[in-house]
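Have a look at the structure below before the remarks.
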Amino acid sequence: MQSSLATALIKIYKIPVLRVFSSLYVSFIRGTPLLVQLYLVFYGIPKVIYFLQSEYGWLINLDVNIIAPEVYALLAFSINLGAYLSETIRSAIESVDRGQFEAAKAIGMSPTQMMLKIIFPQALTVAIPNLGNMFITTIKDTSLVFIIGVIDIMGQAKILGSRGLAFFEVYIAVSIVYWIVCIIVERLLVKIEKRARRYERGIAS
């Protein structure tokens, strides 16, 4: 979350050099499928580690063969979600009325105080629906991790389906599980959004 916020602020304040890197990062992640990103992380990280070990003697005690595939999956999802989060946060901050910025400066607030007490609470209310959609999408995207050896729900479904040749029944059950999980998350997000709106009204008053 912190890296996504930093990426968003870099683009908002147009910080030289860093803005270029953040824009390339977001553009690459948004322009490539998550499946490709999973493969790049799964096959690319070991190559980078081997290169650092052979050329510079870094990470010499790290054996890439003992790194669990779950670690690669978590890293790939973090990189992917970070890019989308940064754009959601950026658009939410930029949606706040510019008069709020001017008013905060007029009463002598520092940039940090302005962000924490005025801008972020209002931006959060705007961002929550999109954040919720991204979280639900990520839950569904976890069905891809079995391709790199992670035995998740889809991996178990494939194993069970191959045993009894009942793929249709198994995948119906899997779809219901995902659906129930997403319904629970949706309910939680509605409650969070309501609380955020009450908090925003409390600040405004």
Side-chain angles (χ1 to χ4, degrees), residues 1-34 37-38 40-41 45 70-142 144-145 178 181-205:
M1 187 67 175
Q2 290 88 344
S3 60
S4 300
L5 177 59
T7 303
L9 293 177
I10 286 170
K11 297 184 76 172
I12 289 172
Y13 289 105
K14 298 179 175 61
I15 300 175
V17 183
L18 292 179
R19 183 190 178 194
V20 175
F21 285 109
S22 63
S23 296
L24 287 173
Y25 159 58
V26 172
S27 177
F28 178 79
I29 296 300
R30 293 173 69 179
T32 55
L34 177 57
Q37 295 163 22
L38 276 167
L40 287 175
V41 170
I45 296 298
E70 289 85 357
V71 175
Y72 296 113
L74 180 61
L75 181 59
F77 274 88
S78 298
I79 294 171
N80 178 273
L81 190 58
Y84 288 97
L85 280 176
S86 69
E87 287 299 282
T88 298
I89 293 170
R90 181 182 64 82
S91 61
I93 291 175
E94 291 181 340
S95 71
V96 177
D97 191 337
R98 299 302 301 178
Q100 300 286 334
F101 291 84
E102 300 301 326
K105 291 179 182 178
I107 62 175
M109 280 190 172
S110 67
T112 302
Q113 290 175 323
M114 175 180 65
M115 282 293 180
L116 292 177
K117 296 183 178 181
I118 304 296
I119 307 304
F120 284 163
Q122 297 180 65
L124 179 62
T125 305
V126 176
I128 284 176
N130 286 331
L131 293 175
N133 289 334
M134 280 189 294
F135 187 59
I136 290 173
T137 299
T138 301
I139 292 174
K140 294 184 291 184
D141 284 343
T142 57
L144 296 173
V145 297
Y178 276 110
V181 171
C182 289
I183 288 173
I184 294 172
V185 172
E186 287 173 357
R187 296 288 187 272
L188 291 174
L189 289 169
V190 168
K191 292 183 178 181
I192 292 172
E193 187 173 357
K194 288 180 178 178
R195 290 178 66 89
R197 292 190 183 280
R198 286 201 297 267
Y199 179 66
E200 183 186 15
R201 287 195 293 268
I203 291 176
S205 60

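Positions are given from 1, in the same order as the sequence printed here.
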Of all residues at least two apart in sequence or in a different chain, which pass the salt bridge (Lys or Arg N to Asp or Glu O under 4.0 Å) check with Arg19? none
Taking only residues two or more places apart in sequence, or in another chain, which ones meet Glu94 in a salt bridge (Lys or Arg N to Asp or Glu O under 4.0 Å)? Arg90
Between Ser4 (side chain) and Gly82 (backbone), is there a donor-acceptor pair under 3.5 Å? yes
Tyr25 (side chain) donor-acceptor with Ile79 (main chain) under 3.5 angstrom: yes
Once side chain to side chain contact (heavy atoms under 4.5 Å, CB included) is applied, do any residues pair with [X], and if so which ones, sequence neighbours excluded?
X: Val71; answer: Ile67, Ala68
X: Leu74; answer: Ser78
X: Asn130; answer: Thr88, Asn133
X: Gln113; answer: Met109, Ser110

Gap separating the [atom1] atom of [X] from the [atom2] atom of [Y], nearest 0.5 angstrom:
X: Asn80; Y: Thr138; atom1: CG; atom2: OG1; result: 7.0 Å
X: Leu18; Y: Tyr13; atom1: CG; atom2: OH; result: 15.0 Å
X: Leu40; Y: Ile45; atom1: CG; atom2: CD1; result: 9.5 Å
X: Lys140; Y: Thr142; atom1: NZ; atom2: OG1; result: 10.5 Å
X: Leu131; Y: Leu81; atom1: CG; atom2: CG; result: 9.0 Å
X: Leu24; Y: Ile29; atom1: CG; atom2: CD1; result: 11.5 Å

List the atom of [X], the atom of [Y], and the distance in Å for their closest heavy-atom pair.
X: Leu5; Y: Phe120; answer: CD1-CZ, 3.8 Å
X: Ser86; Y: Ala8; answer: O-CB, 3.4 Å
X: Met134; Y: Tyr84; answer: SD-CB, 3.3 Å
X: Leu144; Y: Leu38; answer: CB-CD1, 3.8 Å

Residues passing the side-chain hydrogen bond (donor to acceptor under 3.5 Å, both in side chains) test with Thr32, sequence neighbours excluded, are Gln37
With sequence neighbours left out, what residues match Glu186 under side-chain hydrogen bond (donor to acceptor under 3.5 Å, both in side chains)? none
Given side chains that start at C-beta, do those of Phe21 and Ile15 come closer than 4.5 Å, heavy atoms only? no
Does atom CZ of Phe135 have more than 12 heavy-atom neighbours, drawn from other residues, nucleotides or ligands, at distances under 6.0 Å? no
Ignoring hydrogens and angles, write down the donor-acceptor pairs under 3.5 Å from the side chains of residues 96-104, residues two or more places apart or on other chains.
unit_1	atom_1	unit_2	atom_2	d
Asp97	OD1	Gly99	N	2.9
Gln100	OE1	Gln122	NE2	3.3

I need the full list of salt bridge (charged side-chain N to carboxylate O under 4.0 Å, His left out) pairs touching residues 2-15, with sequence neighbours left out, sorted by first then second residue. Lys11-Glu87
